[in-house]
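Take a look at the structure below.
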Number of protein chains: 2
Amino acid sequence: MSEDAHCATCDEWLTLLQNSGYRLTAPRRVVVEIMVHSTHVLEPVELYDRGRDQFPGLGLVTVYRTLEKLTQLGLVQRVHQEGGCNVYLCAAQGHQHLLVCEVCGKIVYFSGDDLSDLIARIAAQTGYQIRGHWLQFFGVCRDCQG
Amino acid sequence: MSEDAHCATCDEWLTLLQNSGYRLTAPRRVVVEIMVHSTHVLEPVELYDRGRDQFPGLGLVTVYRTLEKLTQLGLVQRVHQEGGCNVYLCAAQGHQHLLVCEVCGKIVYFSGDDLSDLIARIAAQTGYQIRGHWLQFFGVCRDCQG
DNA sequence: GTAACTGCAAACGCTTTGCACCAAG
DNA sequence: CTTGGTGCAAAGCGTTTGCAGTTAC
């Protein structure tokens, strides 16, 4: 878990960063490693705090800048919630949607929705050109139901 | 349009405010009147600017405080978008979802989605207690397609 | 060696709070 | 008359920017 050299997904992310013209630096490796393995949504500050456990010199600004790059590359996404919109997460794989625990932020991806009929109907009714949609579920995970 | 005394919906909102223990003041009437009639999402500052056309003494702080109250009463809702989460809108009527124009912010409400099967399946698969969902569509309205 | 990256400090924009004055009921 | 509401100014918070030193390549 803590040795990113042993994590295939970390390697993929780092390779993609490098192939996109970015350099592989210690702070970036740390951010990548934490994001790849996180099962819960993370605020930038939380990422910063965890990152400093591994790399004490890490700066919060670097966390923001790295999240920005990872988001542009489609590896990370921002999650919007009632209480705030400043948490981040591994991006969905293809057409997946998100289920977030309102208590602890634990997340699950799922697929299987079919909104194509609804989208076609709405487009016809409104004249809007539909470009995208958000479907996101909120709940309480098993661990937080007690 | 500008005479809130002639608008039934404005009267409803103002009555609800009063019945909830709030006083009816000039700034509140202005905010209510603008929100009720807006067909586009509005930032607090936009609301403030428009409000001052009708009531020059209006303060931005009052706009925030009134939006907060209207949101608590379920009359107004915040809308989240890729570019930011600080726009407000009349709340949906019952179980409706939102279609937002990405260019001008013009909004349309619609209903007719049926996610109950999907929700039941996700709850069974994940063990989460599902408490709510967001379904929101983004597109370009007819006026902005040119 | 050079260009990209880093961390710090300062600036920024949006939102909230403290407070004295004012007005609805 | 009393209490809630108001606007101003200042503080707060998360995020971004400027910059000089550092590091990957």
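Order of the sequence lines sets the chain letters (A, B, ...), proteins ahead of strands, with each chain counted from 1. What's counted below: heavy atoms across the whole structure, side chains too, no hydrogens, waters or symmetry copies.
One interatomic measurement links the two molecules: OH of A:Tyr64 to C1' of C:dT6, which rounds to 17 Å at whole-angstrom precision. To the nearest angstrom, P of D:dG14 lies 15 Å from CG of A:Leu67. Here the P atom of nucleotide C:dC14 and the CD atom of B:Glu46 are 11 Å apart, to the nearest Å. The distance between atom CG of B:Leu60 and atom P of D:dG12, rounded to the nearest whole Å, is 19 Å. When rounded to the nearest whole Å, the span between CG of B:Asn86 and P of C:dC12 equals 19 Å. Counting to the nearest Å, the P atom of C:dT6 and the CG atom of A:Leu17 are 10 Å from each other. Distance B:Tyr22 OH to D:dT6 C1': 16 Å, rounded to the nearest Å. Atom pair B:Arg52:CZ and D:dC8:C1' shows a separation of 13 Å (rounding to whole Å applied).
For the ring pair (Phe, Tyr, Trp, His ring centres under 6.0 Å) criterion with A:His80, the lone passing option out of A:Tyr88, A:Phe138, A:Trp134 is A:Trp134.
Residues A:Tyr128 and B:Phe137 place their aromatic rings such that the two centres sit no closer than 6.0 Å.
Panel note: side chain A:Arg131, backbone B:Val140; no donor-acceptor pair is recorded below 3.5 Å.
Within 6.0 Å of the CD atom in A:Glu82, the count of heavy atoms belonging to other residues, nucleotides or ligands does not exceed 12.
Rounded to the nearest 0.5 Å, atoms CG (A:Leu14) and CG (A:Leu75) are 10.0 Å apart.
The 5' end of DNA chain C is approached more closely, in terms of each residue's nearest nucleotide, by A:Val63 than by the other of A:Val63 and B:Cys85.
Across B:Thr62 and B:Pro27, no two heavy atoms sit closer than the pair CG2-CB, 3.7 Å.
Proximity of B:Cys7 to B:Val36: side-chain heavy atoms (C-beta onward) are separated by under 4.5 Å at one or more points.
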Short N/O separations, protein against nucleotides 18-24 of chain D, under 3.5 angstrom:
residue	atom	partner	partner atom	Å
D:dA24	N3	A:Arg23	NH1	3.1

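Within the nucleic acid shown, A:Phe55 comes within 4.0 Å of sugar-phosphate atoms alone, with no base atom in reach, counting heavy atoms only. Using a 4.0 Å heavy-atom criterion, one finds that B:Gly21 contacts no nucleic acid atom at all.
Distance from the side chain of B:Lys69 is smallest to D:dG5 among D:dG5, D:dT15, C:dT6.
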